[in-house]
Amino acid sequence: MNRRNTPYTLEEAANESPTLAKLLSLSRQSSELLRAIQFLIPSNLRQAISPGPIDGTTWCLIVDGNAVAAKLRQFLPVLLTQLHAMHSDITSIR
């Protein structure tokens, strides 16, 4: 068993594992997507929305409650249009 005597970051550990590296990559991609479309979301809703998992071509946004989810659903066509303009593979948001 090969042990390191020096501490290393979570990112270094994740990069040593293919599964964790993939999760880290998807997490970064999700955060980048949200930053790219945030200007389309009303400012009073932005803090109530967090990036969620990406599963193939479906992107999940995590929201703080049903009211935020209902309002966000109204913006889905605009958000998807922006994602397509960015050449993203995302075809649906839930």
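Side chains included, hydrogens not; waters and symmetry mates left out as well; all remaining heavy atoms used.
Within 6.0 Å of atom CG in Asn66, 12 or fewer heavy atoms from other residues, nucleotides or ligands are found, so the atom counts as exposed in its surroundings. Residue-environment remark: CD (Gln74) exceeds the threshold of 12 foreign heavy atoms within 6.0 Å.
Distance OG/Ser88 to CD/Gln29: 6.5 Å, rounded to 0.5 Å. Lys22 contributes atom NZ, which lies 10.5 Å from atom OG1 of Thr19 (distance to the nearest 0.5 angstrom). Distance check, rounded to the nearest 0.5 Å: CZ of Arg73 to NZ of Lys71 gives 12.5 Å.
Contact between Ser30 and Gly52 at its shortest, heavy atoms only, is OG-O, 2.6 Å. Taking both residues in full, the closest heavy atoms of Arg46 and Gln38 are given as NE-O, 3.0 Å, listed atom of the first, atom of the second, then distance.
A donor-acceptor contact shorter than 3.5 Å is absent between the side chain of Ser27 and the backbone of Leu23.
The side chain to side chain donor-acceptor pair (under 3.5 Å) test applied to Arg94 returns no partner, not counting sequence neighbours.
Hydrophobic side-chain contacts under 4.5 Å tie Ile62 to no other Ile, Leu, Val, Met, Phe, Trp or Tyr residue. In the hydrophobic clustering, where aliphatic and aromatic side chains (Ile, Leu, Val, Met, Phe, Trp, Tyr) are joined below 4.5 Å either directly or transitively, Leu45 groups with Leu26, Leu33, Leu34, Ile37, Phe39, Leu40, Ile41, Ile49, Ile54, Trp59, Leu61, Val63, Val68, Leu72, Phe75, Leu76, Val78, Leu79, Leu80, Leu83, Met86, Ile90, Ile93.
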